[in-house]
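Just so it is clear: chains get the letters A, B, ... in the order the sequence lines come, proteins before strands, and each one is counted from 1.
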Amino acid sequence: MTEPYNPAAIEPPIRERWEAANSFRAPDQPRADAFYCLSMFPYPSGHLHMGHMRNYTISDVITRFQRMNGRPALQPMGWDAFGLPAENAAIARGVSPAKWTRDNIAHMRSQLRELGFAIDWDRELATCNPDYYRWNQWLFLKMLERGIAYKQTGTVNWDPEDQTVLANEQVIDGKGWRTGAVVEKREIPMYYLRITDYAEDLLAALDDLDGWPERVRAMQANWIGKSIGMEIVFPYEGGELKVFTTRPDTLMGATYMAVAPEHPLARAAAGRDDTVAEFVRSCSTGSASEAELAVQEKRGIDTGFTVRHPLTGQNLPVWVANYVLMGYGEGAIMAVPGHDERDFEFANKYGLSIVQVIQPEADGHDYDPVEWQDWYTAKENVRLVNSGDYDGLDYSAGFEAIARALEHKGLGSRRTQFRLRDWGISRQRYWGCPIPIIHCDDCGDVPVPERDLPVMLPEDLVPDGSGNPLARCEAFLACECPKCGKPARRETDTMDTFVDSSWYYMRYPCSDNDQAMVDERTNAWMPVDQYIGGIEHAILHLLYARFWTRVMNEMDLVETREPFANLLTQGMVLAETWYGEDERGRKTWFNPSGVEVERDARGRIVSAKLSEDGRPVQFGGIEKMAKSKNNGVDPAALVAQYGADTVRLFSMFAAPPEQSLEWSDAGVEGAWRFLKRLWQQVHDHIEAGAPCELAIAGLSDEAREMRRRVHETINKVSDDFGRRYTFNTAIAAVMECSNHLSRFKADDGTGLAVAREGWESLVRLIAPITPHIAQALWQALGHEDDILAAGWPEVDESALVQQRVTVVVQVNGKLRGRIAAPPGGSREALQQQALEDENVARFVADKEIRKIIVVPDKLVNIVVAA
RNA sequence: GCCGGGGUGGCGGAACUGGUAGACGCGCCGGACUCAAAAUCCGGUUCUGGAAACAGAGUGCGGGUUCGAUUCCCGCCCCCGGCACCA
């Protein structure tokens with residue numbers, strides 16, 4: 001009798017075996033074909049959640065697949081350990097962010113170990129450790145020297161009650177999350193990194209990133225946002241107003257100017273006119289986030305200033321408008337309400353004049369200055385009108401002629417503008433990497449000398465939500481000016497956590513080096529062969545990492561300029577939500593694990609109740625696992641119940657990695673059943689007796705067909721793992737093949753040999769997904785070695801050849817029959833055979849055959865007259 | 001608002017280059033085993049009609065290209081991700 005599948009008994013000893021043999025240690029100096037497989041490192045929030053579980057299973061599957069194919073592989077792990085949640089936990093529980101974070105790391109590390117991931121733990125790092133963040137500081141100082149880092153004012157959300165800078169996330173409906181006070185925008189000095197100097201390169205290099213999803217490249221390209229246009233000068237008494245436009249061809253349609261509330265002209269107007277001042281002030285409340293700004297109502301006020309049109313000399317009024325962003329272009333626009341939707345809306349609201357300057361070449365397009373139409377912004381098949389000398393020109397000729405006229409007058413020049421802004425890295429927060437700057441009354445801002453690094457973050461402070469505790473920590477603040485030696489104060493801002501995550505992958509290969517940020521081992525492993533992480537990081541993190549790598553490359557620290565050769569963006573993990581309502585309609589959300597569902601004969605949900613007390617609950621839809629809807633499923637509990645392999649199997653089977661994944665307890669049961677069955681079937685096979693040598697020549701038709709299925713499966717699964725990364729279909733193929741193998745009658749030595757080849761193949765094919773059971777079965781099949789070293793099954797091409805193929809027959813594109821034919825049959829033979837099919841003949845009858853389409857070995861479509 | 005993605009049975013999904021829509025799994029229905037239940041095994045399962053053979057319909061909605069469209073094109077609806085201080 002076979003012992004039933006018991007993961008609680010088999011998994012721990014197998015993990016101990018791997019650990020004792022140091023199986024997952026990657027070499028320091030890898031061979032040329034070595035594979036660097038990297039997952040985005042987790043924020044140590046407390047517990048491993050399903051998103052982590054999915055992410056790390058994907059990278060583990062890829063790592064193990066590469067290892068089984070003979071390539072040395074590095075799969076490291078670390079902790080993105082600085083950040084806001086630690087401060088929130090500190091506020092809520094009075095514990096220091098350092099302790100909270102380190103406890104979380106310890107807990108999550110043990111959770112990861114229980115999942116059997118092939119991680120090289122010797123290289124583990126945490127960004128909150130001084131031996132990591134000192135290199136943030138070191139590189140920041142290098143950037144300052146090179147002018148890549150600089151200081152300038154920037155806008156932040158300010159909570160006037162707590163006297164604290166708020167993250168966008170902490171601003172809810174324009175109010176502070178803790179105080180409810182109306183949030184103000186504030187200008188404060190900050191450090192910036194000149195990512196815009198790299199805009200052209202970051203954009204152009206996207207074309208070569210063919211290992212990245214097209215959608216991520218598109219998002220990055222749009223984010224960088226290259227626009228070719230002109231800088232145009234509108235002169236006025238005592239100055240000139242500069243604007244950037246992508247449509248100089250519409251210059252003759254400019255009827256007013258609009259400047260951002262922070263623009264110098266707006267300030268000047270506010271200084272002499274209280275109404276304008278009041279308006280500018282009103283623009284300073286509310287969130288600084290762009291999404292908020294984009295949906296707010298367009299408002300504005302006339303400054304009373306006018307500027308002269310550079311070509312006509314006509315006076316144009318200057319307005320302050322809340323839809324003009326100070327951070328883009330010049331913070332001022334020439335408004336062409338006739339052909340820009342935002343200007344159009346604004347002009348209609350405030351009664352400003354609208355002039356049509358574009359007209360489609362085709363007839364039937366009337367211009368309506370009240371109702372917006374899409375063609376108003378057209379560049380193709382249009383001519384300029386109401387534009388004086390430029391009438392009749394098309395877009396490019398108009399652009400060219402107006403550009404020349406402006407250049408001739410010295411009132412304009414061609415320019416490329418990027419939407420991308422420089423990266424502000426200053427955060428007015430405690431739990432982050434200190435910015436290594438000292439403020440001296442005499443010498444100003446002085447960089448901390450390299451020999452004094454790291455600037456250590458005190459770890460015993462407990463923030464309370466108002467201000468930055470560093471600003472009250474005398475032990476941290478007090479220092480001497482490195483230049484003049486007088487008493488001075490440290491900078492209390494810390495760095496954006498995106499700095500930490502911009503280079504951690506270059507540190508894993510050399511995480512033990514206390515003399516240098518990176519070393520030759522980094523070059524040996526970089527670039528990352530496969531990077532895996534959430535789609536939500538498609539723009540910011542990935543763009544900053546690409547920028548940071550370029551900077552390090554130019555400092556001769558690393559050889560690579562692009563950090564990630566291949567990118568896989570995994571979807572979110574979703575789950576059902578269930579709620580009950582009280583008399584007042586307030587909802588209470590219940591975890592799906594405590595809900596029992598009743599279904600009708602079709603399988604549709606009839607009703608649901610709490611298993612605890614039978615109270616009825618309502619279905620609230622499928623949503624991202626989150627605390628707010630209480631629909632999180634704890635991977636640790638499932639691992640305890642089913643073992644790591646079942647949880648890994650389900651999370652890879654339920655959806656392809658790029659799509660969102662719907663968690664389902666019943667689906668987990670299904671995965672569990674499959675493993676139980678596989679365990680039983682392999683043991684049944686072993687008990688059926690010893691196979692003899694596999695002699696391919698004398699196989700029965702059934703045995704040959706069985707072998708064909710096995711090798712088709714090897715073919716399919718290898719492609720799914722190696723090229724497509726569709727683990728769900730790989731698993732389906734293994735399941736399908738195991739269904740056939742278990743039914744295959746292997747009653748003699750030859751049959752057993754075919755079955756043995758099949759089971760040994762399947763066990764290895766599933767090993768990257770469910771490594772523990774695969775290892776146990778591999779040993780049961782008589783192998784002593786680690787399955788990682790067992791090699792990947794090879795396809796026997798000769799086994800794939802089919803005796804007969806099924807060809808479908810359509811009449812007018814509708815399926816009417818199937819015929820079996822020898823492969824490689826001629827068109828004529830297939831046509832003939834198709835027409836002889838009884839059902840096909842019924843539909844063709846005596847109708848006139850117009851055409852017959854034949855796709856060899858696949859399909860015949862007979863087109864007949866209606 | 002802007003940028004990107006998605007929508008296929010009761011459910012998760014498959015169909016990779018325009019060629020059998022629904023692989024695989026869940027759920028449900030029926031059967032076997034059992035005193036019974038669980039577990040396990042066998043069969044069925046897109047919808048409508050039909051005992052069946054088979055026929056008609058069907059991939060968010062409306063149109064188009066094609067011998068043939070889940071796949072390509074145009075218009076629309078809904079859902080999700082990002083929007084620079086959540087990570």
*Kindly indicate whether the side chain of A:N222 and the base of B:C3 share any N or O donor-acceptor pair separated by less than 3.5 Å?*
no
*Which of the following nucleotides, B:A84, B:A23, B:C67, is nearest to the side chain of A:E736?*
B:A23
*Quick one: side chain to side chain contact (heavy atoms under 4.5 Å, CB included) partners of A:K349, sequence neighbours excluded?*
A:E297, A:R299
_C1'-based separation of B:G22 from B:U8 [nearest Å]_ = 8 Å
*Does A:R816 make a cation-pi contact with A:F843 (under 6.0 Å, within 45 degrees of the axis)?*
yes
*Do A:T164 side-chain atoms and A:D162 backbone N/O form a donor-acceptor pair below 3.5 Å?*
yes
*Okay, side chain of A:Q220, backbone of A:A538: is any donor-acceptor separation there less than 3.5 Å?*
yes
*Taking the chi torsion of B:G9, is it syn (within 90° of 0) or anti (everything else)?*
syn
*Atom pair distance, as rounded to whole Å: CD in A:E576 and C1' in B:G27*: 12 Å
*With sequence neighbours excluded, tell me which residues meet side chain to side chain contact (heavy atoms under 4.5 Å, CB included) with A:A167.*
A:L84, A:Q170, A:R429
*What is the nucleic acid contact for A:I731, judged by heavy atoms within less than 4.0 Å: base, sugar-phosphate only, or nothing?*
nothing
_B:C85 OP1/OP2 closer than 4.0 Å to side-chain N/O of A:R427_ = yes
*Using the C1' atom as the reference point in each nucleotide, state the distance between B:A51 and B:G44 in Å, no decimals.*
16 Å
Can you give the donor-acceptor pairs under 3.5 Å from side chains of residues 666-677 of chain A to other protein atoms, not counting sequence neighbours?
{"residue": "A:E669", "atom": "OE2", "partner": "A:Y642", "partner atom": "OH", "Å": "2.8"}

*Contact summary for A:A608 and A:V595, nearest pair of heavy atoms*: CB-CG1, 3.9 Å
*asked:* Without decimals, in angstroms, what is the distance between A:N715 CG and B:C16 C1'?
replied: 13 Å
*Kindly indicate whether the side chain of A:D159, heavy atoms from C-beta on, has any atom under 4.5 Å from the side chain of A:R178.*
no
For nucleotides 55-58 of chain B, give me every protein contact, N/O to N/O, under 3.5 Å, one pair per line with atom names.
{"residue": "B:A55", "atom": "OP1", "partner": "A:R816", "partner atom": "NH1", "Å": "3.3"}
{"residue": "B:A55", "atom": "OP1", "partner": "A:N839", "partner atom": "ND2", "Å": "3.2"}
{"residue": "B:G56", "atom": "OP1", "partner": "A:R816", "partner atom": "NH2", "Å": "3.4"}
{"residue": "B:G56", "atom": "OP2", "partner": "A:R816", "partner atom": "NH1", "Å": "3.0"}
{"residue": "B:A57", "atom": "OP2", "partner": "A:K814", "partner atom": "NZ", "Å": "3.3"}

*Assign a letter to each nucleotide of nucleotides 70-82 of chain B from its 5' end: B, base within under 4.0 Å of a protein heavy atom; S, sugar-phosphate only; -, no contact.*
----------SBS
*salt bridge (charged side-chain N to carboxylate O under 4.0 Å, His left out) contacts touching residues 725-734 of chain A (sequence neighbours left out)*: none
_side chain to side chain contact (heavy atoms under 4.5 Å, CB included) against A:A86, all qualifying residues, sequence neighbours excluded_ = A:Y43, A:P97, A:W100, A:T101, A:W431
*asked:* With a 3.5 Å cut-off and heavy atoms only, can you find an N or O donor on one side and an acceptor on the other between the side chain of A:R677 and the base of B:U40?
replied: no
*Sort by first number and list every stem of RNA chain B: at least 3 consecutive Watson-Crick or G-U wobble pairs, both distances under 3.5 Å.*
B:1-7 with B:77-83, B:10-12 with B:24-26, B:27-32 with B:40-45, B:46-49 with B:54-57, B:60-64 with B:72-76
*Euclidean distance for C1', B:U17 against B:G63 (whole angstrom)*: 26 Å
*asked:* Between B:G60 and B:C78, how far apart are the two C1' atoms, rounded to whole Å?
replied: 8 Å
*asked:* Suppose we screen for salt bridge (charged side-chain N to carboxylate O under 4.0 Å, His left out). Which residues come up paired with A:E736, at least two apart in sequence or across chains?
replied: none
*Does any N or O in the side chain of A:H740 come within less than 3.5 Å of the main-chain N or O of A:C737, such that one atom is a donor and the other an acceptor?*
no
_Under 4.0 Å, heavy atoms only, any strand: does A:V165 hit a base, just the sugar-phosphate, or nothing?_
base
*Classify the side chain of A:Q428 versus the base of B:C85 as yes if they form a donor-acceptor pair under 3.5 Å and no if they do not.*
yes
*Residues two or more places apart in sequence or in another chain: which of them pass ring-ring contact (aromatic ring centres under 6.0 Å, His included) with A:Y191?*
A:F140
*Interatomic distance at P, B:C54 relative to B:G18, whole Å*: 31 Å
Return the polar atom pairs (N/O with N/O) between nucleotides 45-51 of chain B and the protein under 3.5 Å, or none.
{"residue": "B:U48", "atom": "OP1", "partner": "A:R602", "partner atom": "NH2", "Å": "3.2"}

_Donor/acceptor link under 3.5 angstrom from A:R850 side chain onto base of B:C67_ = no
*Partner set under side chain to side chain contact (heavy atoms under 4.5 Å, CB included) for A:A291, not counting sequence neighbours*: A:S289
*Spacing between A:I172 atom CD1 and B:C85 atom C1', to the nearest angstrom*: 14 Å
*asked:* Side chain of A:R215 only, heavy atoms from C-beta on: which candidate in B:C85, B:G19, B:G4 is closest?
replied: B:G4
*Judged by modelled atom types alone, do A:Q680 and A:D684 share a side-chain donor-acceptor pair under 3.5 Å?*
yes
